[in-house]
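In the text below, chain A, chain B and the rest are named by the order of the sequence lines, each starting its count at 1. We use all heavy atoms of the structure for the numbers below, so side chains are in, but hydrogens, waters and symmetry mates are not.
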Amino acid sequence: MAYLVSVQNKTYRIEIENHYSESREDIYSLLIDGQPKEVGVSVVNKPGHLSLLLANESYDIEVDKEEDGYYVSMRDETYHVRVEDERVKKVEREMGRHKSGVLAVKAPMPGLVVAVEVKAGDTVEKGKGVVILEAMKMQNEIRAPKEGVVKEIIVHQGAKVNGGDVLVVLE
Amino acid sequence: MAYLVSVQNKTYRIEIENHYSESREDIYSLLIDGQPKEVGVSVVNKPGHLSLLLANESYDIEVDKEEDGYYVSMRDETYHVRVEDERVKKVEREMGRHKSGVLAVKAPMPGLVVAVEVKAGDTVEKGKGVVILEAMKMQNEIRAPKEGVVKEIIVHQGAKVNGGDVLVVLE
Amino acid sequence: MGEEKGGEEKIMFKKILIANRGEIALRVMRACRELNILSVAVFSEADRSAPHTRYADEAYFIGPSPSTESYLRIDKILDVAKKSKAEAIHPGYGFLAENENFAKAVEGAGIMFIGPTSKAMALLGDKTAARQTMSKAGIPIIPGMEKPLRNEEEAKKIAEKIGFPILIKAAGGGGGKGMRMVENKSGLQSALKGAIAEASSAFGNPAVYIEKYLLHPRHVEIQVLADNFGKVVHLNERECSIQRRYQKMIEESPCCIMTEDLRRKMGESAKKVAKTAGYTNAGTVEFLVDKNKNFYFLEVNTRLQVEHPVTELVTGIDIVKEQIHIASGEKLRLKQEEVWLRGAAIECRISAEDPDNNFFPSTGRIEEIVDPTGPGIRVESGIFEGYEIPLFYDPLIAKVLAWGRDRQEAIVRMQRALSEYKIKGIKTTIPFHKRILSHRDFLGGNFDTGFLQKILDTPLPKEQNEEIAAMAAAIIALKEEESPIIKESKETMSNWKKVSRWMMLRR
Amino acid sequence: MGEEKGGEEKIMFKKILIANRGEIALRVMRACRELNILSVAVFSEADRSAPHTRYADEAYFIGPSPSTESYLRIDKILDVAKKSKAEAIHPGYGFLAENENFAKAVEGAGIMFIGPTSKAMALLGDKTAARQTMSKAGIPIIPGMEKPLRNEEEAKKIAEKIGFPILIKAAGGGGGKGMRMVENKSGLQSALKGAIAEASSAFGNPAVYIEKYLLHPRHVEIQVLADNFGKVVHLNERECSIQRRYQKMIEESPCCIMTEDLRRKMGESAKKVAKTAGYTNAGTVEFLVDKNKNFYFLEVNTRLQVEHPVTELVTGIDIVKEQIHIASGEKLRLKQEEVWLRGAAIECRISAEDPDNNFFPSTGRIEEIVDPTGPGIRVESGIFEGYEIPLFYDPLIAKVLAWGRDRQEAIVRMQRALSEYKIKGIKTTIPFHKRILSHRDFLGGNFDTGFLQKILDTPLPKEQNEEIAAMAAAIIALKEEESPIIKESKETMSNWKKVSRWMMLRR
């Protein structure tokens, strides 16, 4: 089984050659960009909580799966990691999928829409405020994550929104 | 629904007359030995963790179910509570069940039998040591919980036992 | 305990109502328990199972979740005080803590308010009037307005007179709400609008005023205790310059630019402020200190501060207990020369906010908590496993404190504590605190109230263990594919994440 | 940090191996982390996911779960030290901490042993020889034997000579193992047998000796620190009279019968003991103090004690860090007159034992932990949620410490902490500590080493809330009958209980 694993700006090819269970841990033999590694893995108290031993270096790791990939926490840092099955990736590449030019600006959390600062058709720069959301008594400006043209305004002043609700659609 | 509830040496008759849910808690109207009470109940983070409000007195309660009844912890104390359905109790009483005179002395936890201090046929007093069990490097004497005659020795010196294993049977 | 004087025996309260929620309500209830005083909680709809409701001996429902309908309702809280026969009310911080009408109503009901008199609160609560009074008493103040602003026109005039940069502040309350720094004329109008809106919603009072904004100032405050007999002691300073949007994030004591001489001067000034205002109970006198160690009186926080434990760690004094003793009519149990200053302490405020997403409030269910422990660590927390953070209140969920023999030891212990602290299910400011605690200028004590922007402008340190992270994720991915059991668990994992993310309100 | 002397620069270690497990391994690793030193763990089969294995920077497997095949294997631990290039080894307490062969082997391998030299350890490890040496140096000792017992006949003779009651003690190690009090002649034979058996299994050495048993003695010990240059300071006393089966359960500092004069005398004696033995690093000199405040030297614990945090809380000194500094060749950083004694501290040792069932060890899975927090509380713990207590090791799982301005405040804080501390899934000694902490004689400071038997003989206080408990159980019973969802949860509840109860070994 081979995976293409992206962290930050790097992508590693990780091939898990072999794995088996010993009494105290599972041993994974893998190649990371061709370099062989043997990793001892013990599940601590939940499926995502691992104790890794790599050449006797100890890593206490929490892996949380979210919609946009894995979040791997260890030693005071959290890494956003995307894992793709090499075979699946290949198929996708062959199909030549294109990215859509439409972007939904979503509410990062529930709150009350205090103001809508753009109207349909406006050209907005990256970082321009589009909606002001009040939550926990703080007013927070939601900004355009990229430049574009406002295609549609979904919410109105005074609306209560849930986290993840689309506020404005950019094109 | 009426229960006979025993705590320590007391038995209460608790009749739950009515209960319904409000937005923030469940309300139970009950009679305890004929005295009416209204109890507000909110489940905290697990089924057995309750926040009780009784005439605005606040009780943070943990209820653990074990084989021999409920263990109810609150305000630095733990109560061993037995709950019987009044109807079931009645049937049992009518059937006139007798208690068995046989008592199994069990290992309270896993360990190694270092010595057996009685033999079959011995008459033992309450508190007499019957078996010495070594666990966590400590030698612990298991004592007879009541007086009786040793009917059967189940374990032998050097045996490893699990918690709950029968060591000796008294009659 | 407590001295008896003049034949009149002071009797400690038997029951105290705590008009607050969260970690501060627990803090006060713990003091009550240690003094063998019964505590009475009040709770809103959202807080039926909250820690303070369960920790108290008695708990009374006071209304729907929004604080305007519960924790800010003076009438309901007084009703509970009467019904429960509470002899005193502790307001905590926030909510009604600095509301003079509340203090007055409590006094009127014959209940002890654990804090200053409504009169002292009124005097100091009007920040502009307070500055005038203190200036007349010889306390140095920052150049600025003497009265709340009447209109935008006036704002322009004053700003030009004292010169930009200026600071707009709410007259009705503190804590950074309704506060805006304005660098030049063009930003004045919108900042004014924002400040007024925020002041209205936070304090029910739109009044704002303007003052000179000092360059590179440090925010240093003095904790005072004053009894009802005119005696005042100060418990040394707290350095609170690490602020975001005028909200303190990290506080410490001692302040690393402090000298014995400056401490004595600021301490004496703080005591003079308290005496001038006829202040009683615990209070905090806030100052700005400039590069040349000139200090300027800012305001008095007429309540227990969020950061009071910093002072407790270096002085060994339980400030909440002292508040209760003072309110019960005892004389101060300490002389100024008996106040220690041992070692160093730091506090990090942990909020349910996402530092990677512009500090947006994060709600959801707390899945797991591992508190930091070991030498020198103290935690004050208002959360538990299974708790769902309600939307309605302040995002502060916990405070971590570290004590060390010196600042360096306090810092390494705090770094360790932040590293050990695990709060799963929501986003918190812990990672951001780690960044601050490892920043060269923080370590060197070389910062001012503008420090946080510097942190935000500093690129994130390079991550060290990308390969390990990649391998861990690949192993989890393989486990998910291979094992139906793990797959199920993964499902659960992913589900609770979603729930915690999108769950709007606790049920 | 650390002074430099004689042109030779002392360089702090870069990596330390911790030859231990549980809370004490974490304690040492935390000190390493605060000093920016890498830590190396060793772990047995049972401890692959244990906290110390995960907290360390490096971790090495050293064998099967029984400690004789892992944590007591000198050869394997030295192998790891060499492989990992650790420059020093911290032994913690228990296991090899007081094993002179281990200390000697470490020295022989050119690795620093963080503790005394093997020579000092050998001298003090032979308890009877140590008493002779100290007696000759003018330190008062308890009447008793000068050599280990040869046979039962000799035991009878000596017992009659010094008079009953007598105490049988293991010559090869401390901690209450292999210890028996004998009240009269008839109990001598069986006590001797038991003591020899326990001494053999605990220390691999059956040697025991006899001494006079003092009536109403208090166990008071003095913590000392000694550098490699002949300088010794003492860090005041700890009162450790609250013992069960000669195992300390509660320790505190200061001791409430201590006077300035007695403290000075005992401190000077302890320093003399250390100097006489050529002792270096941290050590504890144990004394018994009788009713008339005469004190008798008992023995030296040549290691870090379980109860060292009590002293840390009242002196502000991090004893583990000082151990590391001393071992690295630094001179003591403190003068005797710089050692504070501020406030009062208490420690309760929390064990996985069932106080309602004769303190039987309790194994199982920890289902939930809520650590006590708030003012004055410190926790040292070696457990986590989901952890399965292994059978193989000491049942101590955590220590709770409370600091207060005085003993009374420390006690009420400890009561609060015990009340807040929740460890679900296993039985612990927390309820028993609550009984002690509320006993009149404990509160009054009126106790001796026989106090615990008194507690056991005191009937349990009457429970207060039987009606509430009855109602809560009835409500749960009804919920179980009515709701299929609750029923399922109940099933789970009951199941994990069973699992935790009967689970023998962690997988």
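Proximity to chain C (any heavy atom under 4.5 Å) is restricted, for A:Arg75, to the side chain, taken from C-beta onward. For A:Asp85, the part sitting under 4.5 Å from any heavy atom of chain C is the side chain, from C-beta outward, and nothing else. There is no contact between A:Asp60 and chain C, counting heavy-atom distances below 4.5 Å.
Between C:Ile468 and A:Tyr79, every side-chain heavy-atom pair lies at or beyond the 4.5 Å cut-off. Between C:Met471 and A:Tyr59 the shortest side-chain heavy-atom distance does not fall below 4.5 Å. At a threshold of 4.5 Å between non-hydrogen side-chain atoms, the residues C:Asp356 and A:Thr78 do not count as touching.
No hydrogens or angles considered: a donor-acceptor pair under 3.5 Å links the side chains of A:Gln8 and C:Glu466. There is no side-chain donor-acceptor pair under 3.5 Å between A:His49 and C:Glu368.
Between C:Glu467 and A:Lys10 there is no salt bridge, since no side-chain nitrogen of the basic residue lies less than 4.0 Å from a carboxylate oxygen of the acidic one.
A cation-pi arrangement is present between C:Lys427 and A:Tyr71 under the rule of less than 6.0 angstrom and at most 45 degrees off the ring axis.
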Donor-acceptor pairs under 3.5 Å, side chain of residues 110-122 of chain A to any protein atom, not counting sequence neighbours: which ones?
| from | atom 1 | to | atom 2 | distance (Å) |
| --- | --- | --- | --- | --- |
| A:Lys119 | NZ | A:Asp122 | OD1 | 3.4 |
| A:Asp122 | OD2 | A:Lys119 | N | 3.0 |

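Not counting sequence neighbours, the partners of C:Pro206 by the side-chain contact (heavy atoms from CB on, under 4.5 Å) test are C:Ile196, C:Ser200.
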TODO: Go through the steps for C:Lys422 and A:Glu62 under the test salt bridge (Lys or Arg N to Asp or Glu O under 4.0 Å), then give the verdict.
DONE: CA-CA 10 Å; C:Lys422 190 151 90 173; A:Glu62 297 259 3; 2.2 Å; yes

